[in-house]
Visitor: 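Following this message is one structure expressed as structure tokens.
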Amino acid sequence: MIISASRRTDIPAFYSDWFMNRIKAGFVMTRNPFNSKQIRQISLLPADVDVIVFWTRNAFPMLKHLNLLDEMGYRYYFQYTITGYPRPLETATLYPLKAIDNFIKLSQQIGKEKVIWRYDPILLCNLLPAEEHIRLFSRITGLLQGYTTRVVVSFADFYKKTERNLRGVGDLTVSDITQNREQYSELSKALSQIAAAHEMEIFSCSEKVIDPEHDIPHGACIDAALIEKLFHLNLSVKKDKNQRTECLCAQSVDIGAYNTCVHGCQYCYATYHHQQAVRNYKQHDPDSQFLLNPAELIPVR
């Protein structure tokens, strides 16, 4: 079994103590985000967990726990997002240089192959035209060279909740770059060339239109082939049917909860009421079997 921790929230940044409490207990309780009456107990025993995939923007609070995870026999790797977008779009993320410093510390501790950089999602707007994305990507790539071997990119998807949050950013004009094939191709090729120049493989995440001519192959974030290579495993896992059609990820069990991340990213699909997420975070009980207690749940919209 592959544990995803988590697409729905940033467990390493905000809930690492809770996570370790669940590791020590050997199980975690989850609720179906679309039907809170559906409850599931997930084993976290080392014998039942093939690998843990962490998703984060700040792994620093998790660093102190990694030696114990190693001693207990857990295998894991990190999907680590650093974008460096302006504050109106990322109101409470770490400043880029601090995020990069923490990324490097993690890479030095567990190995560069186990820390995958995400420049994701790519949001094209008046605050972030294509030239600014090229500048940011080039700058971050240069600083991360030697500390990762892979970068994952994707272009922003405009869900209703995402569009609602973006409308709250004053004087923001957003465009869907996937509707402009020439611009899309030019930016994709530029990112690919920058990644190659800094010795990084580049992959796309759940993209409909990227093809080989754009030099960014489709990738999987929960990547069975990568897991087998990193940890010398022979997995028998299927494609995750609960993800989007374009997603190539292997099947996993997510132990997070929506509306609990407080990074303040206005384009995020997993946080659709920031103030509610802040309240949830403040009410979180690190000793609870659930990341979010039932009384705090609000339905996914």
Side-chain angles (χ1 to χ4, degrees), residues 1-44 48-62 65 69 74 76-81 92-93 116 118 120-121 152 157 159 161-162 205-206 221-222 240-244 247 249-265 267-274 276-301:
M1 175 176 58
I2 299 172
I3 296 293
S4 174
S6 153
R7 283 186 174 94
R8 300 169 183 168
T9 192
D10 194 330
I11 287 177
F14 302 120
Y15 305 105
S16 61
D17 290 342
W18 169 83
F19 175 80
M20 292 307 298
N21 286 340
R22 302 322 312 150
I23 285 288
K24 293 169 186 176
F27 73 97
V28 63
M29 302 299 293
T30 65
R31 290 178 180 269
N32 184 329
F34 304 99
N35 182 354
S36 62
K37 294 181 180 180
Q38 291 183 1
I39 298 173
R40 183 180 178 187
Q41 179 174 309
I42 308 298
S43 173
L44 294 179
D48 295 327
V49 176
D50 292 308
V51 68
I52 302 166
V53 181
F54 291 110
W55 310 68
T56 192
R57 281 180 171 271
N58 177 17
F60 186 77
M62 196 73 201
H65 299 302
L69 286 180
Y74 290 96
Y76 54 86
Y77 69 95
F78 283 75
Q79 293 276 341
Y80 205 124
T81 300
T93 57
I116 296 168
R118 301 183 68 86
D120 162 61
V152 174
D157 291 305
Y159 303 102
K161 55 196 172 188
T162 305
C205 170
S206 299
C221 304
I222 298 181
D240 196 334
K241 64 181 181 180
N242 295 316
Q243 302 303 321
R244 292 170 289 177
C247 179
C249 284
Q251 189 173 24
S252 64
V253 178
D254 200 295
I255 62 169
Y258 289 113
N259 222 42
T260 57
C261 181
V262 294
H263 282 309
C265 303
Y267 47 76
C268 182
Y269 66 85
T271 300
Y272 34 95
H273 294 293
H274 179 66
Q276 181 65 40
V278 172
R279 289 193 291 270
N280 288 339
Y281 174 64
K282 291 179 178 178
Q283 295 169 10
H284 164 74
D285 179 3
D287 293 320
S288 174
Q289 296 178 2
F290 295 88
L291 187 146
L292 190 62
N293 288 326
E296 300 161 355
L297 286 168
I298 61 173
V300 174
R301 296 181 175 86

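These values consider heavy atoms only, across backbone and side chains, with no hydrogens, waters or symmetry-generated copies.
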Visitor: Could you check whether any side-chain N or O of Arg40 sits under 3.5 Å from a backbone N or O of Thr30, counting only pairs where one atom can act as donor and the other as acceptor?
Guide: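 Looks like no, no N/O pair under 3.5 Å.
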Visitor: So do the side chains of Gln289 and Trp18 get within less than 4.5 Å of each other, counting heavy atoms only?
Guide: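 Gln289 vs Trp18: side chains apart.
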Visitor: Do side-chain atoms of Asn21 reach the backbone of Pro286 as a donor and acceptor pair under 3.5 angstrom?
Guide: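 It does hold such a pair.
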Visitor: Can you see which heavy atom on Val49 is nearest to which on Ser43, and at what distance?
Guide: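 Heavy atoms only, the tightest pair is CG2-O, 3.9 Å.
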Visitor: About how many Å separate SG of Cys205 and CG of Asp120, when rounded to the nearest 0.5 Å?
Guide: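 Interatomic distance, Asp120 CG to Cys205 SG, rounded to 0.5 Å: 5.5 Å.
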Visitor: Less than 6.0 Å separating the ring centroids of Phe14 and His284?
Guide: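 Ring-ring flag for Phe14/His284: false, centres at least 6.0 Å apart.
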Visitor: Roughly how far, to the nearest 0.5 Å, is OG1 of Thr9 from CG of Asn280?
Guide: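 Separation between the atoms: 9.5 Å.
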Visitor: Could you pull out the closest heavy-atom pair between Ser288 and Arg22, with the gap in Å?
Guide: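 It is O-CD, 3.5 Å.
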Visitor: Check the orientation of Tyr281 and Tyr15. Use parallel for under 30°, tilted for 30 to 60°, and perpendicular for over 60°.
Guide: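 If you compare the ring of Tyr281 with that of Tyr15, the planes turn out perpendicular.
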Visitor: Show your reasoning for whether side-chain contact (heavy atoms from CB on, under 4.5 Å) applies to Tyr77 and Gln79.
Guide: CA-CA 7 Å; Tyr77 69 95; Gln79 293 276 341; 3.9 Å; yes
Visitor: What do the steps show when you test Ser252 against Ser4 for side-chain hydrogen bond (donor to acceptor under 3.5 Å, both in side chains), and what is the final call?
Guide: CA-CA 6 Å; Ser252 64; Ser4 174; 4.6 Å; no
Visitor: If you take all heavy atoms of Met62 and Phe19, which pair is closest and at what distance?
Guide: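 Nearest pair, atom of Met62 first, then Phe19: CE-CD2, 3.5 Å.
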Visitor: I need the minimum non-hydrogen distance between Ala277 and Val262, along with the two atoms involved.
Guide: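 Answer, listing the atom of Ala277 first, then Val262: O-CG1, 3.6 Å.
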Visitor: Between Cys221 and Trp55, which heavy-atom pair has the shortest distance, and what is it?
Guide: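 Result for this residue pair: CB-CH2, 3.4 Å.
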Visitor: Do Arg57 and Tyr80 meet the cation-pi criteria used here (NZ or CZ under 6.0 Å from the six-membered ring centre, within 45° of the axis)?
Guide: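 No, Arg57 does not lie over the aromatic ring of Tyr80.
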Visitor: Applying side-chain contact (heavy atoms from CB on, under 4.5 Å) to Cys265 and His274, what does each step give before you reach the verdict?
Guide: CA-CA 9 Å; Cys265 303; His274 179 66; over 6 Å; no
Visitor: How about Ile42 and Met1: do any of their side-chain heavy atoms sit closer than 4.5 Å?
Guide: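 Touching, per the 4.5 Å side-chain cut-off.
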Visitor: Please check this pair: side chain of Arg118 against backbone of Thr81, looking for a donor-acceptor N/O pair closer than 3.5 Å.
Guide: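 No: the side chain of Arg118 does not pair with the backbone of Thr81.
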Visitor: Under a 3.5 Å distance rule, please check whether Asn58 uses its side chain to pair with a backbone N or O of Thr93 as donor and acceptor.
Guide: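 No: the side chain of Asn58 does not pair with the backbone of Thr93.
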Visitor: Given side chains that start at C-beta, do those of Asp285 and Phe290 come closer than 4.5 Å, heavy atoms only?
Guide: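 Result no, sub-4.5 Å side-chain heavy-atom pair not found.
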Visitor: Can you name the one residue among Asp254, Leu291, Val53, Thr56 that meets side-chain contact (heavy atoms from CB on, under 4.5 Å) with Ser6?
Guide: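 So, applying the side-chain contact (heavy atoms from CB on, under 4.5 Å) to Ser6 and each of Asp254, Leu291, Val53, Thr56, only Asp254 qualifies.
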Visitor: Can you check whether Ala257's main-chain N or O pairs, donor with acceptor, with Thr260's side chain at less than 3.5 Å?
Guide: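 Yes; judged by distance alone, with no hydrogens or angles, the pair exists.
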Visitor: Between Pro61 and Pro12, what is the shortest heavy-atom contact and its length?
Guide: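 That closest heavy-atom pairing would be CB-O, 3.4 Å.
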Visitor: Please assess Leu292 against Gln283 for the test side-chain contact (heavy atoms from CB on, under 4.5 Å), listing each intermediate value before the final yes or no.
Guide: CA-CA 8 Å; Leu292 190 62; Gln283 295 169 10; over 6 Å; no
Visitor: Among Ile23, Val51, Ile3, Asp50, find the residue that satisfies the side-chain contact (heavy atoms from CB on, under 4.5 Å) test when tested with Tyr74.
Guide: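 With Tyr74 as partner, Ile23, Val51, Ile3, Asp50 yield a single side-chain contact (heavy atoms from CB on, under 4.5 Å), made by Ile23.
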Visitor: Any donor and acceptor pair, going by atom type alone, linking the side chain of Asn259 with main-chain N or O of His273 inside 3.5 Å?
Guide: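 Yes; at least one donor-acceptor contact below 3.5 Å.
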Visitor: Taking side chain as C-beta onward, heavy atoms only, is Gln251 less than 4.5 Å from Ile2?
Guide: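 Result no, sub-4.5 Å side-chain heavy-atom pair not found.
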